[in-house]
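Everything on this sheet refers to the single structure shown next.
Residue numbers begin at 1 in each chain, while the letters A, B, ... track the order of the sequences.
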There are 2 protein chains.
Amino acid sequence: MLKTYSISEVAKELNLTAYTLRYYDKEGLMPFVERTASRTRLFKESDIEALKVIECLKSTGMPIKEIKHFIDWCSDGDSTLQQRYEMFIERKATVESQLEELNKTMELIKHKCWYYKTALEAGTEDIHKNEKIEIPTTN
Amino acid sequence: MLKTYSISEVAKELNLTAYTLRYYDKEGLMPFVERTASRTRLFKESDIEALKVIECLKSTGMPIKEIKHFIDWCSDGDSTLQQRYEMFIERKATVESQLEELNKTMELIKHKCWYYKTALEAGTEDIHKNEKIEIPTTN
DNA sequence: ACTTGACCTAGAGTTAACTATAAGGATTAA
DNA sequence: TTAATCCTTATAGTTAACTCTAGGTCAAGT
C-alpha cells in the first residue's frame, strides 16, 4: 500500500517534463515503472530514486544509450555487479577531470572579470594593450 | 612580420576540426581573422587567444549565438565594456553553480562506488536491502 | 605542364535529446 | 451524462552543433 505518483508529479519533482520522462521510458531507462490496467504509469518512491541516479549519470555527460546499459545491468541482477562498479569508478574519473576543466574555466572567467573591471575604470581597454604579466590577486 | 597559422594548424592546437572552425566563422565568431588575396584564412597568435576565450565560454554552456553577441561587442570597442563586464560576472555565477552541481554529482557517484564495492565483496546487492543510513567515510 | 594536397564555399546530412501534435481512453465532479 | 482533466500511443518536428560532400582555386614540387 505504498504511495505512487503520476508522471506529471514526478516530472515536477525532478524538474523535467512528462514528455521527457516518456522519452526516457521509450529509450528503455524505466523498465521498473509499473502500470495500471489501463497503462497509466505508477511511479514508486524507489522509481524516483532510480531516476535521480539517471539524472546524476546524465549530468556527467553520459549519453542515454550508455545509461541504458547500466539499467539493463541492474535488471540482470548480481551477475553484473562488477560492470556496474567499474562504470561508477570510470564516472568518478570523468567527473574529476570535468571539475578540473571547470576550475580552469573559472580562472579565465575571473581574469576576464578583472580585465573588464579595470578597463571600465580606465574608460578604455587600451590600458591592457602592452601588458603581459599583470597578475591580479585572484577572486 | 608576425607568424601566422593555417586553419588546420589552429584546429590541431585547439583540439577542434577545420570544419568546426569554418562553422564558427560562418556563425560570425571570427570576424577578426584575416585572409590572403585568395581567401585563405591567416590566423595570428592573438586570434588563437581569442578562440581560447570562445572555447572557455563554450565550456560554460553558452550557446554560439550568445557568444556572437560578445564578439560583436568586442568589435564595437570601448562603448560596450559595461556589457562585456556584466557578461563575465554572470558567467562567473553560472560556473559557480555548475561547480556546486558537479560536486553534488561527485558525492552521489562516490556513494555508488562504495555501494557496489561492498555489494561486490558480499557477492550480492541484498546487503543494502534494508539500510537507510550507512554513511561511508566519503572517498 | 601536371600532379598533389591544402585551402575555399555552399549547401546537404547527421545526431542527440528533446518537444509537440493528434487521436483516443479513463477518472472525477457537477 | 457530460465536461474537464488527466493519462496513453505513435509519429512528426525542432534545435544546436557539428560533419561532410561536391566542386572549385591555388601554390609547390617533379
Please give, in whole Å, the distance from [N] [atom2] to [X] [atom1]?
| X | N | atom1 | atom2 | value |
| --- | --- | --- | --- | --- |
| B/Asp25 | D/dC18 | CG | P | 14 Å |
| A/Arg22 | C/dA20 | CZ | C1' | 11 Å |
| B/Lys26 | D/dC18 | NZ | C1' | 10 Å |
| A/Ile7 | C/dC18 | CD1 | P | 14 Å |
| B/Leu16 | D/dC20 | CG | P | 14 Å |
| B/Glu66 | D/dT15 | CD | P | 16 Å |
| B/Leu42 | D/dA27 | CG | C1' | 14 Å |
| A/Leu21 | C/dT19 | CG | P | 12 Å |

*asked:* Taking the nucleotide of DNA chain D with the nearest heavy atom to each, does B/Ile64 or A/Ser6 sit closer to the 5' end?
replied: A/Ser6
*Just wondering, more than 12 heavy atoms not from A/Glu66 lying within 6.0 Å of its CD?*
yes
_For the NZ atom on B/Lys117, are there more than 12 heavy atoms of other groups (residues, nucleotides or ligands in this structure) within a distance under 6.0 Å?_
no
Please state whether the phosphate of [N], meaning OP1 or OP2, lies under 4.0 angstrom from any side-chain nitrogen or oxygen of [X].
| X | N | result |
| --- | --- | --- |
| B/Ser8 | C/dC7 | yes |
| A/Tyr23 | C/dA20 | no |
| A/Arg41 | D/dC7 | no |
| B/Arg39 | C/dC7 | no |
| B/Tyr24 | D/dC18 | yes |

*Distance only, no hydrogens: is a donor on one side chain within 3.5 Å (strictly under) of an acceptor on the other, for A/Tyr116 and B/Glu86?*
no
*If you take atom types as modelled and just measure distance, does the side chain of A/Lys65 reach the base of C/dT15 with a donor-acceptor pair under 3.5 Å?*
no
*Should B/Glu107 and B/Lys104 count as an ion pair when the cut-off is N to O under 4.0 Å?*
no
Which nucleotide sits closest to the side chain of [X]: [options]?
| X | options | value |
| --- | --- | --- |
| A/Ser38 | C/dA26, C/dC8, C/dT19 | C/dA26 |
| A/Arg35 | C/dA17, D/dC7, D/dT9 | D/dT9 |
| A/Tyr19 | C/dT19, C/dC18, D/dT21 | C/dT19 |
| B/Thr20 | C/dG11, D/dC18, C/dC8 | D/dC18 |

*Counting any heavy atom closer than 4.0 Å, what does B/Lys58 reach on the DNA or RNA strands: base, sugar-phosphate only, or nothing?*
sugar-phosphate
